[in-house]
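This report concerns only the one structure given below.
The shown structure was predicted, so the numbers you read here are calculated from the model rather than taken from an experiment.
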Amino acid sequence: MSLQYYERLSNKNKAYLWHPFTQMKDYNRSDPLIIERGEGVRLFDVQGNAYFDGFSSVWLNVHGHNIPELNKAITDQLGQLAHSTLLGMANVPAIELAEKLIQLAPSGLNKVFYSDSGATGVEIAIKMAFQYWHNQGCHQKKSFITMNQAYHGDTIGAVSVGAIPLYHDVFRPMLFPSHTIPYPYAYRHKDGAAGAKEATLTALRTLLETRSEEVAALIVEPIVQGASGIIVMPPGCLREMALLCRQYDVLFIADEVATGFGRTGAMFACDLEGVSPDLMVIGKGLTGGYLPVAATLATDEIYDAFYADYEEQKTFFHGHSFTGNPLGCAVAIASLKLFEERNLLTTVRTNASFVERKLHMLTERPHVGEIRQKGLMIGIELVRDKASREPYDWADRIGVRVTMRARELGLLTRPLGNVVVFIPPLASTSDELDAMLDILAESIIDVTEGDAA
């Protein structure tokens with residue numbers, strides 16, 4: 001494309017678009033990256049430059065871009081039906097996908113409620129938990145437990161159980177209060193993994209001993225807390241948290257929006273510790289990264305609390321216009337079929353081992369504090385001083401600078417403060433991962449050890 005064409009798009013971008021999680025004053029000072037097409041694990045801008053999709057287009061791409069089987073699933077369904085409401089009626093793909101999800105989900109989750117994003121799926125789980133107790137006459141159980149630095153989406157309910165000050169504090173006057181316990185952050189705990197795990201479990205146990213009669217549910221990002229910096233739970237922590245909730249009659253909500261569909265090496269992160277939640281939220285990888293479909297899965301016990309005569313008014317009065325969209329459900333079915341045909345979970349585990357070995361080259365670099373990994377979710381925490389673990393100041397923009405250098409070298413990703421994220425498409429080959437990791441390492445070294453460090 002001509003430079004004139006790019007400049008025209010760039011000007012329109014700056015004139016009309018407001019980008020998410022973006023300070024537009026900064027953004028409008030630079031030339032924007034404008035993506036035109038995708039092929040496999042690469043994205044191409046309007047000027048013809050190719051980039052590895054090193055963060056799966058915000059953690060959701062599974063098989064790559066422009067996949068023939070997924071394209072065909074959408075066009076075939078388009079020839080039948082683009083959309084029909086799920087309010088009081090059904091459609092074929094929504095039914096077939098629901099059956100498949102129940103077959104794959106942790107045991108006990110037998111009902112599927114569709115939505116269109118992870119945040120709305122969380123909103124639904126929160127409202128279901130609240131009304132579950134209300135429908136049973138337990139009106140005092142109306143508060144929630146969340147975890148420090150949690151991120152569950154950007155709707156009001158999801159923000160109410162969020163705990164990242166930078167994102168959430170400005171909205172506090174609008175929110176309902178939640179109880180907060182620490183997520184086990186081993187690298188930043190004086191007693192390491194064991195101390196971090198014990199601190200989390202002790203805080204949860206103490207809270208439940210004193211307040212369980214008023215708590216509706218605990219919501220947790222299982223095994224990996226994403227937006228806080230890819231924090232990985234010590235083994236056994238998730239299982240013990242679930243057991244404590246059972247003991248004190250508090251519902252357990254697993255937010256698997258980021259961790260689900262193979263990202264951690266299991267179909268769902270809960271599977272890694274044999275945990276069966278009362279409610280589970282899924283999204284992102286559900287459609288292979290193609291269309292916005294999410295779902296909240298519930299147990300029969302939850303469902304049955306709403307199952308009553310019309311006059312009892314126990315109906316769950318919640319829904320979205322595009323709930324159970326046939327195009328999205330059709331491509332989700334096709335994506336799950338590719339999981340099976342290509343034995344993708346085994347590939348993820350094999351590739352995760354390769355990535356772990358390859359990243360070992362960074363462990364001795366002077367500003368790499370910790371490399372955290374579960375499956376193909378990787379966070380590299382950069383520090384000013386390795387010995388003291390002193391973090392870089394926010395104003396240093398160290399993560400931003402590393403990702404901008406990576407973009408110059410042909411890799412796209414986004415930072416989480418001082419943590420550089422690497423979350424490639426699950427279907428990436430070892431050669432592709434090798435090339436991506438070489439760029440990532442070069443970018444970290446250039447920025448943290450170069451002349452401009």
Side-chain angles (χ1 to χ4, degrees), residues 105-109 122 125-126 128-134 136 138-152 158 160-163 176-186 188-189 191-226 228 231-257 259-260 264 266 268-281 296-302 305 374:
S107 62
L109 294 169
V122 167
I126 292 168
M128 280 182 175
F130 182 93
Q131 191 176 341
Y132 165 79
W133 294 113
H134 177 88
Q136 299 190 103
C138 299
H139 297 165
Q140 75 279 11
K141 291 178 79 69
K142 56 187 180 181
S143 66
F144 291 82
I145 302 173
T146 186
M147 305 195 77
N148 185 46
Q149 296 294 311
Y151 177 79
H152 296 291
S160 293
V161 292
F176 62 78
S178 297
H179 307 286
T180 304
I181 62 172
Y183 201 94
Y185 191 174
R188 292 293 177 186
H189 195 282
D191 296 320
K197 176 182 175 181
E198 183 56 35
T200 294
L201 295 176
T202 297
L204 177 59
R205 187 181 299 109
T206 300
L207 183 58
L208 292 175
E209 285 174 351
T210 58
R211 309 293 287 272
S212 62
E213 73 284 350
E214 68 181 59
V215 175
L218 162 71
I219 184 167
V220 60
E221 297 165 81
I223 305 298
V224 183
Q225 191 178 49
S228 62
I231 311 301
V232 180
M233 277 187 174
C237 189
L238 183 72
R239 186 186 307 113
E240 293 187 46
M241 291 174 68
L243 289 172
L244 282 169
C245 285
R246 293 277 185 272
Q247 180 182 344
Y248 287 94
D249 202 21
V250 166
L251 297 181
F252 189 86
I253 303 172
D255 178 355
E256 291 258 15
V257 173
T259 54
T264 64
F268 300 105
C270 284
D271 296 337
L272 295 169
E273 297 199 353
V275 170
S276 294
D278 300 291
L279 293 158
M280 185 171 83
V281 186
T296 304
L297 278 59
T299 62
D300 287 331
E301 182 180 355
I302 300 290
K374 181 59 68 173

Query - Pair V220-M233, side chain to side chain contact (heavy atoms under 4.5 Å, CB included): steps then yes or no - result: CA-CA 11 Å; V220 60; M233 277 187 174; 3.7 Å; yes

Report task. Drop me the distance from Q247's CD to R205's CZ, to the nearest 0.5 angstrom. Result -> 8.0 Å

Query - salt bridge (Lys or Arg N to Asp or Glu O under 4.0 Å) evaluation trace for K197 with D191 - result: CA-CA 10 Å; K197 176 182 175 181; D191 296 320; over 6 Å; no

Query raised in the report: Would you say T200's side chain and P182's backbone share a donor-acceptor pair under 3.5 angstrom?
Result: yes

Report summary line: Rounded to the nearest 0.5 angstrom, the CD1-CD1 distance for I126 and I253 is 6.0 Å

Query raised in the report: Does any N or O in the side chain of S178 come within less than 3.5 Å of the main-chain N or O of S160, such that one atom is a donor and the other an acceptor?
Result: yes

Query raised in the report: Will you find, in the side chains of E256 and T259, an N or O donor that is under 3.5 Å from an N or O acceptor?
Result: yes

Query - Non-neighbouring partners of E198 that pass salt bridge (Lys or Arg N to Asp or Glu O under 4.0 Å), sequence neighbours left out - result: none

Query raised in the report: In terms of the angle between their ring planes, are F144 and F176 parallel, tilted or perpendicular, with boundaries placed at 30° and 60°?
Result: tilted

Query raised in the report: Residues two or more places apart in sequence or in another chain: which of them pass salt bridge (Lys or Arg N to Asp or Glu O under 4.0 Å) with E214?
Result: R211

Requested in this report: Without swapping roles, check the side chain of E221 against the backbone of G226 for a donor-acceptor pair under 3.5 Å.
Outcome: yes

Report summary line: Output for pair (L208 CG, I181 CD1), nearest 0.5 Å, gives 8.0 Å

Query raised in the report: Out of curiosity, C237 SG to E273 CD, how far, rounded to the nearest 0.5 Å?
Result: 8.0 Å

Query raised in the report: Listed by chain and number, what are the salt bridge (Lys or Arg N to Asp or Glu O under 4.0 Å) partners of D300, not counting sequence neighbours?
Result: K111

Report task. Compare every heavy atom of L218 with every heavy atom of C245, then report the nearest pair and how far apart it is. Result -> SG-CD2, 3.6 Å

Query raised in the report: For the residue pair A150 and V161, what are the closest heavy atoms and their distance?
Result: CB-O, 4.0 Å

Query raised in the report: Are the side chain of S212 and the backbone of E209 linked by a donor-acceptor contact shorter than 3.5 Å?
Result: no

Requested in this report: Can you see which heavy atom on V275 is nearest to which on P277, and at what distance?
Outcome: O-CD, 3.5 Å

Report task. Begin with the C-alpha distance, continue with both residues' side-chain angles, and end with the deciding distance and a verdict on side chain to side chain contact (heavy atoms under 4.5 Å, CB included) for Y151 and D255. Result -> CA-CA 10 Å; Y151 177 79; D255 178 355; over 6 Å; no

Report task. Taking the side chain as every heavy atom from C-beta outward, state whether H152 and V281 have any pair of such atoms under 4.5 Å apart. Result -> no

Query raised in the report: Q225 and Y185: side-chain donor and acceptor closer than 3.5 Å?
Result: no

Report summary line: When every non-hydrogen atom of V215 is compared with those of K141, the smallest separation belongs to O-NZ, 2.9 Å

Report task. Determine the sole option in I145, V250, T180 for which the side chain to side chain contact (heavy atoms under 4.5 Å, CB included) test with L207 is passed. Result -> I145

Report task. List the atom of Y183, the atom of I223, and the distance in Å for their closest heavy-atom pair. Result -> OH-C, 3.4 Å

Query - Nearest non-hydrogen partners of A298 and L279, listed with the distance - result: CB-CD2, 3.6 Å

Query raised in the report: Take atom NE2 in H179; do more than 12 heavy atoms of anything else shown fall under 6.0 Å from it?
Result: yes

Query - Rounded distance [0.5 Å steps], CE in M128 versus CD1 in I302 - result: 8.5 Å

**Report entry** Point-to-point distance, once rounded to the nearest 0.5 Å, from CE of M241 to CZ of R239
**Finding:** 13.0 Å

Report task. Answer yes or no: is there a side-chain heavy-atom contact under 4.5 Å between Y248 and L204? Result -> no

